[in-house]
Amino acid sequence: MGSRGRLVAIDDVLIQSHPDHFESMLWFYRDLIGLKAVGNVGHGNDRPDELVFRSDQHDLRVDFREDAAIESIDVRVMCEVPSLEDVAEQLIERKIEHDWLHGLARTDRRIQLLDPAGNRVELRKLWPQRTV
């Protein structure tokens with residue numbers, strides 16, 4: 001993706017994942033959504049216990065634990081992406097289940113899915129800021 005995704009939050013967000021999902025969580029949030037991974041992004045045996053993705057003034061922190069608490073019902077993470085269609089195409093290629101949600105307005109379209117750890121995530125299109 002040319003543009004970056006953006007975390008929509010009023011404060012930092014903390015989610016958990018089992019350590020086995022390290023690589024897939026890195027792909028999901030960095031490569032699919034376009035959040036900037038910061039800090040030590042290890043591979044193999046030197047994986048850190050946490051991934052941090054920075055977006056504007058807030059961080060999304062993924063804490064890797066054997067006894068991870070996963071929230072698959074309530075939306076834990078909301079992000080804006082440059083193109084919902086591009087994201088959907090990648091999800092289809094990887095056979096990742098997702099649902100399209102539509103509101104009344106043309107601009108109210110979202111994708112809802114589970115991240116690789118099973119946390120519920122919602123994506124919406126990043127619309128350019130309008131200057132008056």
> Given side chains that start at C-beta, do those of L60 and D12 come closer than 4.5 Å, heavy atoms only?
Replying inline: no

> Which residue pairs pass the salt bridge (charged side-chain N to carboxylate O under 4.0 Å, His left out) test with at least one member in residues 71-81, sequence neighbours excluded?
Replying inline: R6-E80, E80-R124

> Considering residues at least two apart in sequence or located in another chain, which fulfil the side-chain contact (heavy atoms from CB on, under 4.5 Å) criterion with S72?
Replying inline: L114

> Does one hydrophobic cluster hold both L26 and I70, with members joined at side-chain heavy-atom distances below 4.5 Å?
Replying inline: no

>> If you define the side chain from C-beta out and look only at heavy atoms, does anything of V77 sit under 4.5 Å from L7?
In response: yes

>> I need the full list of ring pair (Phe, Tyr, Trp, His ring centres under 6.0 Å) pairs touching residues 76-97, with sequence neighbours left out, sorted by first then second residue.
In response: none

> Shared ILVMFWY cluster between W27 and L51, side chains joined below 4.5 angstrom?
Replying inline: yes

> For the atom pair CD1 (I15) and CG (D63), what is the distance rounded to the nearest 0.5 Å?
Replying inline: 10.0 Å

>> To the closest 0.5 Å, what do you measure between CD1 (I33) and SG (C79)?
In response: 4.5 Å

> Between the main-chain N or O of V62 and the side-chain N or O of E50, is there a donor-acceptor pair closer than 3.5 Å?
Replying inline: no

>> Could you tell me if the side chain of V87 sits less than 4.5 Å from the side chain of L32, heavy atoms only?
In response: yes

> Where the side chain of H102 meets the backbone of W100, is there a donor-acceptor pair that is under 3.5 Å apart?
Replying inline: no

>> Using a 4.5 Å cut-off between side-chain heavy atoms of Ile, Leu, Val, Met, Phe, Trp and Tyr, which other residues end up in the same hydrophobic cluster as M78?
In response: V8

>> Within the 4.5 Å heavy-atom criterion, are I92 and Q90 side-chain neighbours or not?
In response: no

> Among all residues two or more places apart in sequence or in another chain, which pass the side chain to side chain donor-acceptor pair (under 3.5 Å) test with E66?
Replying inline: H18

> Looking only at heavy atoms, what is the nearest atom pair of P19 and R65, with distance?
Replying inline: CD-O, 3.3 Å

>> Contact between D59 and V13 at the side-chain level, heavy atoms closer than 4.5 Å - yes or no?
In response: no

> Residues in side chain to side chain donor-acceptor pair (under 3.5 Å) with E85, at least two apart?
Replying inline: R109

>> For L101, give me all partners under side-chain contact (heavy atoms from CB on, under 4.5 Å), at least two apart in sequence or on another chain.
In response: R110, Q112, E122

>> Taking salt bridge (charged side-chain N to carboxylate O under 4.0 Å, His left out) as the definition, give me every residue that meets it alongside D99, ordered by chain and number, with sequence neighbours left out.
In response: none

> Got a sec, which residues hit ring-ring contact (aromatic ring centres under 6.0 Å, His included) with F28, two or more places apart in sequence or on another chain?
Replying inline: none

> At their closest point, which heavy atom of S17 faces which heavy atom of A117, and how far apart are they?
Replying inline: OG-CB, 3.3 Å

>> Which residues pass the side chain to side chain donor-acceptor pair (under 3.5 Å) test with D115, not counting sequence neighbours?
In response: Y29, N119

> Can you name the side chain to side chain donor-acceptor pair (under 3.5 Å) partners of R94, sequence neighbours left out?
Replying inline: none

> Under the ring pair (Phe, Tyr, Trp, His ring centres under 6.0 Å) rule, what pairs show up with a residue in residues 55-90, not counting sequence neighbours?
Replying inline: F22-F64

> Which heavy atom of L84 sits nearest a heavy atom of L123, and at what distance?
Replying inline: CD2-O, 3.7 Å

